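Working notes, beginning with the structure itself.
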Amino acid sequence: MHPRELRICSNCILPETFPGISFDEKGVCNHCHQEEAHFSDAFKKKALYRRKLNDLISVVKGQASTYDVVIAYSGGKDSSYTIKLLKETYRLRIVALTFDNHFMSPTAWENIRAVSNRLEIDHITFKPPWQLLKDVFCLASVEDIFPAATLLRASTICTSCIGMVKGLVLKTALELSIPLIAFGWSPGQAPIRSAIMKTNPALTLESQKAFKSAFPKDIASRMESYLIPAPYYEVYKDSFPCNIHPLAFFEYDEEKIKIELESVGWKPPPDTDSNSTNCLLNAFANQCHLDRHGFHPYVWEIANMVRRGDMSRKDGIEKIYAAHDPRMVDYARLKLRIE
């Protein structure tokens with residue numbers, strides 16, 4: 001829906017259809033007022049978190065006999081830039097893990113090969129069987145299987161996919177005694193206060209139980225091998241890794257990032273929507289969310305980035321409200337054979 005047809009916040013880009021929203025006399029939404037102090041504080045904390053990361057790396061670098069960090073690698077610009085940052089700035093031993101969800105852009109695969117080779121990092125691809133992922137994505141396309149709060153930040157399809165990614169990356173870190181897990185979250189996706197955080201076995205156990213319980217038993221049972229086995233919580237209780245997402249506290253500018261990535265062979269894909277640089281399922285996932293809930297699943301993330309100054313309001317509006325190519329939605333719908 002075009003912003004002219006919606007009332008949107010005059011400061012960020014949240015629409016009138018976003019749950020719990022209200023506007024003051026100047027058209028500024030309540031979320032902007034609530035987040036104002038937090039984002040001001042976050043700006044001050046960037047230097048602090050860079051020092052925290054420096055201190056953490058000085059302790060864990062070289063600690064393991066295998067790698068210093070395993071990163072969830074989609075081939076998109078943010079995860080590619082995170083790899084470049086960790087390799088060139090910190091000289092970490094990196095293994096990248098790509099979850100092949102059967103909807104990867106061909107350009108994303110080219111980017112993965114180019115970046116991995118240029119930066120000389122090891123790379124693992126994990127590809128579940130098509131029937132399992134088809135069942136997962138078909139279910140998520142028509143039913144909100146996760147708590148309502150998750151719908152504010154991501155589509156049900158994306159939450160399903162990333163849940164398996166998180167499980168596989170953590171499992172890899174535990175089995176290979178890797179002290180760090182990295183994600184390429186944008187500054188709007190996750191708050192700075194969670195940018196450097198030790199994983200907690202008890203909380204992880206509850207989180208994965210909740211994730212599995214969202215699915216019918218037949219699907220959940222087929223996901224078991226991608227999540228943390230019950231014995232691991234005891235066997236590895238003292239070696240759970242630390243999660244980091246550095247883009248929360250480094251300067252972030254999409255266009256500058258794309259230019260920097262040219263030096264390692266990364267190219268923008270021509271076949272993905274405006275909110276993804278790797279996934280051919282994303283446009284369909286977004287449309288399913290819009291149809292059911294009336295707001296774009298990326299709007300919270302982009303609104304946060306606009307508030308922080310990481311993106312202009314004009315660019316934010318373009319990302320969320322510009323008309324998309326319907327062929328991108330149709331591609332995934334036809335592949336999943338959803339009427």
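Predicted model, so just to flag it, every value in this text is computed and none were measured.
- Residues Y331 and L280 come closest through the heavy atom pair CE2-CB, 3.7 Å.
- Comment: E110 does not engage R113 in a salt bridge, judged by the lack of any side-chain N to carboxylate O separation of less than 4.0 angstrom.
- Ion pair R153/E301 not flagged as a salt bridge, since none of the NZ, NE, NH1 or NH2 atoms sits closer than 4.0 Å to an Asp/Glu carboxylate oxygen.
- Side-chain N or O atoms of K61 include one that pairs as donor or acceptor with a backbone N or O of Y90 at under 3.5 Å.
- Although no hydrogens or angles enter the test, the distance criterion places no donor-acceptor pair under 3.5 Å between the side chain of N278 and the main chain of G75.
- Cation-pi geometry between K335 and W130 is satisfied (NZ or CZ under 6.0 Å from the ring centre, within 45° of the ring normal).
- A side-chain donor from one of H293 and D144 sits under 3.5 Å from a side-chain acceptor of the other.
- Using modelled atom types, one finds no donor on one side chain facing an acceptor on the other under 3.5 Å when comparing N286 with Y298.
- Between the side chains of S276 and D273, not a single donor N or O lies within less than 3.5 Å of an accepting N or O.
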Exercise for the section: Test W300 against F18 for ring-ring contact (aromatic ring centres under 6.0 Å, His included), laying out the working first. Expected result: CA-CA 9 Å; W300 179 258; F18 194 81; 5.6 Å; yes

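- Under the 4.0 Å criterion applied to side-chain N and carboxylate O atoms, R327 and D325 are assigned as salt-bridge partners.
- No hydrogens or angles considered: nothing links the side chains of T272 and T277 as a donor-acceptor pair under 3.5 Å.
- One distance of note links SG of C12 with CD1 of I8; it measures 8.0 Å at 0.5 Å rounding.
- In this model, a donor atom of one side chain and an acceptor atom of the other lie less than 3.5 Å apart for R307 and N304.
- Between R222 and D135 there is a salt bridge, since at least one side-chain N of the basic residue sits less than 4.0 Å from a carboxylate O of the acidic one.
- Note on E120 versus K87: no salt bridge recorded, every NZ/NE/NH1/NH2 to OD/OE distance being 4.0 Å or above.
- Checking side-chain atoms of Q287 against main-chain N and O of V329 turns up no donor-acceptor pair under 3.5 Å.
- Defined by atom type and a distance below 3.5 Å, a donor-acceptor pair is missing between the side-chain atoms of Y236 and E175.
- Using a cut-off of 4.0 Å between Lys/Arg side-chain N and Asp/Glu carboxylate O, K77 and E254 are scored as salt-bridged.
- Checking side-chain atoms of S207 against main-chain N and O of L203 turns up no donor-acceptor pair under 3.5 Å.
- Of the possible donor and acceptor atoms, one in the side chain of H245 sits under 3.5 Å from a partner among the backbone N and O of S194.
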Handout entry: Evaluation steps, side-chain contact (heavy atoms from CB on, under 4.5 Å), between L227 and L168
Key = CA-CA 6 Å; L227 304 177; L168 281 167; over 6 Å; no

Exercise for the section: Verify ring-ring contact (aromatic ring centres under 6.0 Å, His included) between F183 and Y73, making sure each step is shown before the conclusion. Expected result: CA-CA 8 Å; F183 294 97; Y73 189 26; over 10 Å; no

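- K171 places a side-chain N or O within donor-acceptor distance of the main-chain N or O of S225, the cut-off being under 3.5 Å.
- Under 4.0 Å is where a charged nitrogen must lie from a carboxylate oxygen, and between R93 and D68 at least one such pair does.
- A cation-pi arrangement is absent between K45 and Y49, since the terminal nitrogen or guanidinium carbon is not both under 6.0 Å from the aromatic centre and inside a 45° cone about the axis.
- Remark: the backbone N or O of P241 is paired with a side-chain donor or acceptor of T199 at under 3.5 angstrom.
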Problem - From CA spacing to verdict: side-chain hydrogen bond (donor to acceptor under 3.5 Å, both in side chains), D55, S58 - result: CA-CA 5 Å; D55 292 343; S58 69; 5.0 Å; no

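- Side-chain atoms of D271 and S105 form a donor-acceptor pair, as typed in the model, at a separation below 3.5 Å.
- Side-chain atoms of H123 and T98 form a donor-acceptor pair, as typed in the model, at a separation below 3.5 Å.
- A salt bridge between D330 and R333 is present, with a side-chain N of the basic residue lying under 4.0 Å from a carboxylate O of the acidic one.
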